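Since the structure is predicted, the reported quantities are computational estimates derived from the model, not experimental observations. Residue numbers start at 1 and run along the sequence shown.
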Amino acid sequence: MNSWDMAVGRAQERLAAAPALRAVADEEGREFALWDLAACAEGELGEPVDPAAIGPAEEARLRARLGESGREWPGGELYRRRYWLLGDARPDAPTGPAVPVGTVAVDNWTRGAGQLAVSSLYLRPDARGRGLAAAALDRVYRAATAEGLSGYRLEADWAWPRAVRYYLRRGLWVRSWKHTIGLTRMPQLPPYQVREEQDRLVLLVADRPSGAPSGEVWTPLLAAGREGRWLRLDETAAYRQADGWVHDYARSTLALHLALAGRPLVRGPQWWAEAWRWSDGGEPEGLAHRIEQFERFGRRRGADDRTSAPPGAALPGAALPGVALPAPAHRPGAVAP
């Protein structure tokens, strides 16, 4: 067993001992699978479902409608540890013992850069708005960094913009958009904000310069505005001097904020002609290219066409599509703030 595997094991022990989490027992595996199914039904079909009310007939109906993303992955449970999120059975009468109100799972090995991988984050609708999902993500982050790991990463399905917006509000950075939207929280990445200033979206990072008074100083890195129907993307000197993860992820992060705000993603025809180069992450045109692919995916499955027409006035400014796409084996769940 290598040192990272040992660190993951210790992080899992920290999570299992957390007061607001409880490891899923072997005999609770089917119940956890139904909560996962409820997350998919809400996220992809727009059908809020009470996990406790899913009987055999309803389960068969939902799995048939969800197709590949509604499959069970029982073998995959050997490779991750599942937890119940605990809360009050009735938020208006918090007097009884804590009961399961949500789910989260953490892989038993690291993903790139020595990170924990989070999946199946879901809260029952009546448990939302209490900060339970945010607290669970914070616990995963603390457990990872306490054992020398580089935070966590998770995948958000393209079809679930509500979850994507939630993760961005939590300050997660965007690392990729190859198959799903990959997000991360790492100690190497500072807190960031995206503000609207003079009809531009500006990405700023928190800094604490030596000798500065207590508190954070926000330094702008990138600013995105509109030139007609095209994007204008300006770099600051601070961005050009940045290196490492901030430099790599700042453009992807601002690009996703632009898409969700309905802002342009393409700087012009010459940039669109090269958009496929950033299909995994990076320049905003790469995100526009992926959105164009996934929109087409709903009509004609799986084309990867580098010669498609530029999105013109419609796609620069398009929001994330709402089509249902193949979900990863471990789904992120329909998180609400």
Side-chain angles (χ1 to χ4, degrees), residues 156 158 161-177 181-186 188-209 212 215-275 277-292 294-295 310-321 337:
W158 287 85
R162 182 179 181 185
V164 174
R165 291 178 187 276
Y166 174 73
Y167 293 132
L168 291 183
R169 287 198 301 272
R170 290 293 306 157
L172 271 64
W173 290 74
V174 179
R175 59 177 181 80
S176 66
W177 46 61
I181 298 173
L183 301 111
T184 187
R185 181 181 177 189
M186 305 170 65
Q188 300 94 324
L189 291 167
Y192 78 87
Q193 294 180 359
V194 173
R195 300 176 185 167
E196 183 161 1
E197 297 180 358
Q198 299 178 341
D199 201 33
R200 301 185 306 166
L201 290 189
V202 182
L203 185 144
L204 309 94
V205 294
D207 190 15
R208 294 183 179 88
E216 293 171 331
V217 176
W218 292 94
T219 302
L221 296 185
L222 298 169
R226 184 189 299 268
E227 289 187 343
R229 66 192 185 103
W230 302 111
L231 166 70
R232 177 185 172 91
L233 184 63
D234 297 320
E235 302 174 356
T236 67
Y239 175 77
R240 290 190 290 271
Q241 294 167 7
D243 56 14
W245 302 107
V246 172
H247 194 277
D248 291 345
Y249 292 162
R251 298 172 94 86
S252 298
T253 300
L254 182 57
L256 188 56
H257 279 271
L258 287 168
L260 288 168
R263 299 298 186 94
L265 293 172
V266 178
R267 282 167 281 188
Q270 72 279 16
W271 285 91
W272 179 246
E274 299 292 315
R277 294 185 182 277
W278 305 289
S279 291
D280 293 356
E283 300 290 349
E285 289 80 12
L287 178 59
H289 180 63
R290 275 299 181 203
I291 292 174
E292 193 267 349
F294 283 128
E295 286 180 333
L315 189 55
L320 290 175

Any donor-acceptor pair under 3.5 Å from [X] side chain to [Y] backbone:
| X | Y | answer |
| --- | --- | --- |
| R267 | L233 | no |
| Y192 | A206 | no |
| T236 | L222 | no |
| E283 | A275 | no |
| R290 | I181 | no |

Looking at [atom1] of [X] and [atom2] of [Y], how far apart are the two atoms once the value is rounded to the nearest 0.5 Å?
| X | Y | atom1 | atom2 | answer |
| --- | --- | --- | --- | --- |
| H289 | L265 | NE2 | CG | 13.0 Å |
| H257 | Q193 | NE2 | CD | 10.5 Å |
| L287 | S279 | CG | OG | 10.5 Å |
| Y249 | T184 | OH | OG1 | 6.0 Å |
| L221 | L254 | CG | CG | 9.5 Å |
| S176 | D248 | OG | CG | 12.0 Å |

Could you tell me if the side chain of [Y] sits less than 4.5 Å from the side chain of [X], heavy atoms only?
| X | Y | answer |
| --- | --- | --- |
| W158 | I291 | yes |
| P190 | W173 | yes |
| W271 | W278 | yes |
| V194 | L258 | no |
| V174 | L168 | yes |
| R200 | D234 | yes |
| E274 | Q270 | no |

Residues forming a side chain to side chain contact (heavy atoms under 4.5 Å, CB included) with E196, sequence neighbours excluded: D199, L201, R263

Atom CZ of R232 with >12 non-hydrogen neighbours under 6.0 angstrom: no

Test side chain to side chain contact (heavy atoms under 4.5 Å, CB included) applied to L189 and R185, step by step: CA-CA 7 Å; L189 291 167; R185 181 181 177 189; over 6 Å; no

Can you see which heavy atom on [X] is nearest to which on [Y], and at what distance?
| X | Y | value |
| --- | --- | --- |
| H247 | Y239 | O-OH, 3.2 Å |
| W230 | P269 | CZ2-CD, 4.0 Å |
| G281 | S252 | C-OG, 3.7 Å |
| A250 | L203 | O-CD1, 3.7 Å |

Side chain to side chain contact (heavy atoms under 4.5 Å, CB included), paired with W218, selected from V205, D207, L204: L204

Lys/Arg-Asp/Glu bridge criterion (N-O < 4.0 Å) met for E235, R251: yes

